[in-house]
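Below is one structure; the comments refer to it alone.
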Amino acid sequence: MRKITILALTMLIGISLLAQNPQAKKDTLKAAADTAQIDTTGWSEILKGTTVVAQRKLIKIGVDRLSYDVQNDEQAKSISTLDMLRKVPMVSVDGQDNVLVRGSSNYKIYHNGHPDPSLSGQNVSQVLKSMPAGMIKSIEVITDPGAREDAEGTNYILNIVMKNNAGMSGVTGTLSGAVDPFQGIHSESAYITAQKGKFTFSVNYSYAHMSKESRNMLIQTNNYFKSSGATQSTYMRQKSPINMHFGEFSASYEINPKNLLTFSFGGSSFGLKQDSYSSNTMTARNGDSIYEYYARAWNPKNPKYYDAHGRVDYQMQTNKPGESLTISYMYAGNGNKSKTNNDFNNIKTATFDYSGFLNHSKETRDEHTGQIDYIRPLSQKFTMELGGKYIGRDNRSRTDIEYANAATTKDVHSRFNHNTQVAAAYTEWMFNSGKWSAQAGIRYEYSYLRASYPDGSASSFHKNLHDWVPSVSVRYSFSPMTTLKVGYSSSINRPGISYLNPARVETPSSLNYGNPALNSAMNHSFTLEFMKMSQKMMLTLSPFVNFSNDQISEISFVRDEKTVSTYDDVLKNRRYGADGFLRYTPFAGTSIMVNGHVENNKMRNNNLGLELDGWSGTAMAFVQQNLPWKLILNVGGGGSFGRSLASVYGYGPNYYYYTASLQRSFLKEDRLTVSIAAVNPFNWDHNNLTMKTVNGDYTGKTKIDVRIRQVGLRVSYRFGNLRTSVKKVSKSIVNDDIVGGVQNGAKSQAGGAGTGTGGAGRTLGN
């Protein structure tokens with residue numbers, strides 16, 4: 001009996017040490033084996049009823065990214081991807097469902113390691129709302145993208161990695177649906193994966209309809225104190241129902257163990273029908289009316305926003321472990337088409353000579369990309385990566401504005417084409433030795449930009465740009481439970497077609513046009529990330545500093561009693577702050593999570609002599625509690641504070657929310673999950689979001705009343721037994737340099753299907 005006790009204690013100590021030191025496992029098991037040989041008959045009775053309880057590590061920090069393990073978060077079965085993002089460190093969701101990373105909107109969203117067009121642009125929050133979090137394996141926050149994937153344009157990357165379940169063959173899928181009667185939302189989605197021999201494929205389709213989501217009121221008041229002293233006011237009610245479709249087909253064929261062919265195609269479409277009513281007035285300093293009118297803006301046909309994309313990747317691995325060559329081609333095309341009627345009535349003392357106008361606009365983008373990537377381990381510690389890339393991007397815009405009953409105002413018929421060609425080469429080096437890991441790289445890009453005017457309104461012109469983009473990251477592990485990482489990265493932003501389009505869109509109170517002479521802008525980012533784990537606690541702290549010079553910025557001023565908006569390369573921006581995340585498990589079945597962000601943001605436009613800075617932040621907390629009868633309760637809330645800069649001209653709104661959900665799974669293997677969730681359930685009225693303009697030619701305030709009360713039911717059913725995923729090559733295409741205009745289509749960087757890029761362990765995808 002004494003020998004059994006000694007052996008049992010030795011095994012328990014070994015289990016405890018295993019999480020901290022793999023070598024301890026080896027030594028402890030050897031000690032147990034060397035203990036006196038004993039008869040273990042009856043051990044099953046001794047250990048009967050024993051349960052091993054351990055906290056799963058939901059947060060992982062790599063040399064270039066932080067990963068949140070969604071599939072092992074119980075709440076994932078009952079909420080949408082948008083709600084899950086509220087729990088991810090360094091990510092926040094504001095009162096209008098805008099997703100921010102470290103308080104910034106300068107990021108891209110990837111799907112399985114490559115950009116997804118349905119996860120970009122103005123409708124991204126609606127897409128994330130309709131995507132069940134239960135389909136996701138992990139969400140990666142890439143804070144230091146390397147020279148290869150970051151060279152073209154964003155500070156951060158959110159990579160949503162879908163589940164893979166590697167193993168057996170067969171067919172499996174998930175069907176889910178959700179309804180929210182208060183918001184007028186219903187969504188349905190289907191995901192199917194199948195494998196036969198060397199061929200594996202997956203199909204994903206989702207549909208969502210939102211009839212009340214965009215109902216809101218807007219009250220805007222501007223004081224033109226630097227010119228006439230007049231005051232302009234707008235009161236508007238708006239309803240914008242939305243219909244969304246998006247889907248993708250992906251497949252892989254394993255030619256042989258060293259040659260893999262993958263391909264995919266898909267697309268998305270959105271119909272956003274606007275119908276708004278507004279009253280508009282302008283009053284002189286002495287109280288006299290300058291103008292007064294009522295307006296209706298509506299779409300005779302649903303505007304169309306679409307994208308289509310496809311890619312092919314071929315990967316060849318050599319006999320040297322870790323060495324591979326990948327050749328990729330990608331097509332991405334997207335655009336939008338809209339026709340909006342603006343009718344004015346009850347016009348009094350007007351300063352304009354028309355009774356309305358019809359705005360017919362169209363933007364398209366076609367892009368072809370070829371890329372080659374080569375990875376070679378040089379030793380057990382060093383891995384080298386080389387690559388080249390070519391992008392041919394063609395943007396076209398068409399704007400037609402016809403003014404009704406105009407005496408002098410002329411109609412607008414504008415055609416503008418913009419072609420960009422990029423040739424790039426990069427090299428990146430990865431190092432891994434014991435407690436140290438690092439990566440460093442540099443990329444060179446040559447860009448040829450050409451603008452042309454098919455309508456003959458201006459002469460064509462072109463320019464050549466040369467950019468160097470370096471990056472470096474270093475991580476040190478004090479222990480398997482404590483790590484520290486420091487990194488520097490840079491990126492480029494190029495203007496999109498809407499920023500460049502010179503067409504002048506004029507209303508009685510505003511004038512808007514783009515600037516075809518815009519250049520690319522460089523961003524710089526320094527980060528420090530610390531992670532500490534214990535049996536019950538997980539803590540991450542992440543200070544950061546970001547800055548950019550000659551950044552693309554909106555320019556606003558007053559001319560002839562109108563607000564005029566355009567763009568220029570004149571903004572200097574500096575941000576510093578910190579992110580914090582704490583997950584605490586006081587006892588089994590209870591988990592507490594706190595996520596926070598604080599920053600100081602300073603913007604300056606030297607050309608206009610404008611400067612603005614402010615402290616702001618976000619904070620949120622959640623509690624998850626397991627209840628009897630397999631029920632799981634989640635409650636929490638959060639919001640923003642301080643003065644968040646919307647631009648050099650003013651501050652954005654603050655917000656708050658509180659949420660609760662209750663879920664239960666049924667049937668064998670918990671295949672059926674039913675949940676009810678609520679956000680601000682007791683807010684019967686709209687929430688007020690207030691933005692202030694404090695700089696420039698005018699001051700003002702814009703108040704938006706939005707409906708954010710949500711109470712919804714979600715049902716999800718999983719069928720089949722497949723345990724495999726579509727294989728992905730370790731490298732593919734990523735284009736993410738555009739700001740403004742039609743958002744990037746499905747640019748691709750497929751992740752490694754069980755493969756990385758060497759010692760640093762950089763893996764995207766599955």
Side-chain angles (χ1 to χ4, degrees), residues 70-71 73-88 93 96-97 99 109 111 116 118-119 123-137 139 160 162-163 173-192 203-215 240-248 268-272 622 624 630-636 657-667 670-681 683 706-719:
V70 176
Q71 68 177 346
D73 186 323
E74 285 295 327
Q75 195 180 9
K77 297 180 181 179
S78 65
I79 63 176
S80 68
T81 300
L82 183 70
D83 291 326
M84 179 57 68
L85 283 171
R86 301 180 194 271
K87 304 179 68 174
V88 178
V93 182
Q96 294 178 285
D97 290 335
V99 180
I109 300 182
H111 177 191
D116 189 326
S118 60
L119 296 176
N123 299 302
V124 63
S125 62
Q126 284 85 359
V127 176
L128 294 171
K129 279 184 180 179
S130 62
M131 180 185 295
M135 299 169 58
I136 298 174
K137 176 183 177 182
I139 297 176
I160 299 175
M162 309 304 287
K163 289 182 177 179
T174 301
L175 303 175
S176 64
V179 60
D180 181 345
F182 293 99
Q183 292 276 6
I185 301 173
H186 67 85
S187 62
E188 297 79 35
S189 64
Y191 178 78
I192 299 174
V203 180
N204 182 17
Y205 171 77
S206 296
Y207 168 77
H209 174 73
M210 305 181 184
S211 61
K212 302 178 182 178
E213 170 67 16
S214 295
R215 285 185 178 179
S240 302
I242 303 172
N243 288 292
M244 302 183 298
H245 301 265
F246 46 93
E248 181 150 350
S268 63
S269 66
F270 303 87
L272 178 65
F622 296 92
Q624 180 175 299
K630 297 175 66 175
L631 291 169
I632 300 176
L633 174 67
N634 289 274
V635 294
Y657 69 92
Y658 55 94
T659 179
S661 69
L662 188 66
Q663 77 175 59
R664 192 184 192 280
S665 296
F666 302 87
L667 304 182
D670 292 336
R671 289 178 177 268
L672 177 67
T673 300
V674 180
S675 66
I676 183 169
V679 178
N680 290 22
N683 285 41
V706 296
R707 186 198 305 265
I708 64 172
R709 181 167 64 105
Q710 303 175 28
V711 179
L713 175 70
R714 178 180 292 276
V715 179
S716 178
Y717 177 71
R718 176 173 51 85
F719 62 89

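No experiment lies behind these values; they were computed from the predicted model shown.
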| said: Taking side-chain contact (heavy atoms from CB on, under 4.5 Å) as the definition, give me every residue that meets it alongside Leu175, ordered by chain and number, with sequence neighbours left out. | reply: Ala190, Phe719
| said: I'd like to check Ile136 versus Thr81 (side-chain heavy atoms, cut-off strictly below 4.5 Å). Are they in contact? | reply: yes
| said: Please evaluate residues Arg664 and Ile632 with respect to the criterion side chain to side chain contact (heavy atoms under 4.5 Å, CB included), reporting the C-alpha separation (whole Å), side-chain torsions for both, the decisive distance (0.1 Å), and the verdict. | reply: CA-CA 7 Å; Arg664 192 184 192 280; Ile632 300 176; over 6 Å; no
| Taking only residues two or more places apart in sequence, or in another chain, which ones meet Tyr658 in a side-chain hydrogen bond (donor to acceptor under 3.5 Å, both in side chains)? | Asn683
| Ser665 versus Lys630, closest heavy-atom pair with distance | O-NZ, 3.7 Å
| query | Between Met84 and Val70, is any pair of side-chain heavy atoms under 4.5 Å apart? | reply | yes
| request: Kindly write out the residues that satisfy side-chain contact (heavy atoms from CB on, under 4.5 Å) with Leu672, not counting sequence neighbours, or none if the list is empty. | output: Phe666, Leu667, Val674, Val715, Tyr717
| query | Are side-chain heavy atoms of Val679 and Pro681 found at a separation under 4.5 Å? | reply | no
| said: Quick check: do Glu248 and Tyr205 have side-chain heavy atoms less than 4.5 Å from each other? | reply: no
| message | Show the nearest heavy-atom pair for residues Ser675 and Leu713, with the distance to one decimal. | response | O-CD1, 3.2 Å
| Given His186 and Tyr207, is the side chain to side chain contact (heavy atoms under 4.5 Å, CB included) satisfied, shown in steps? | CA-CA 9 Å; His186 67 85; Tyr207 168 77; 3.7 Å; yes
| His209 side, atom NE2; Ser187 side, atom OG - distance, nearest 0.5 Å | 11.5 Å
| Student check: side-chain heavy atoms of Val635 and Thr659 closer than 4.5 Å | no
| note | Closest non-hydrogen contact found for Tyr657 with Asn680 is CA-OD1, 3.1 Å
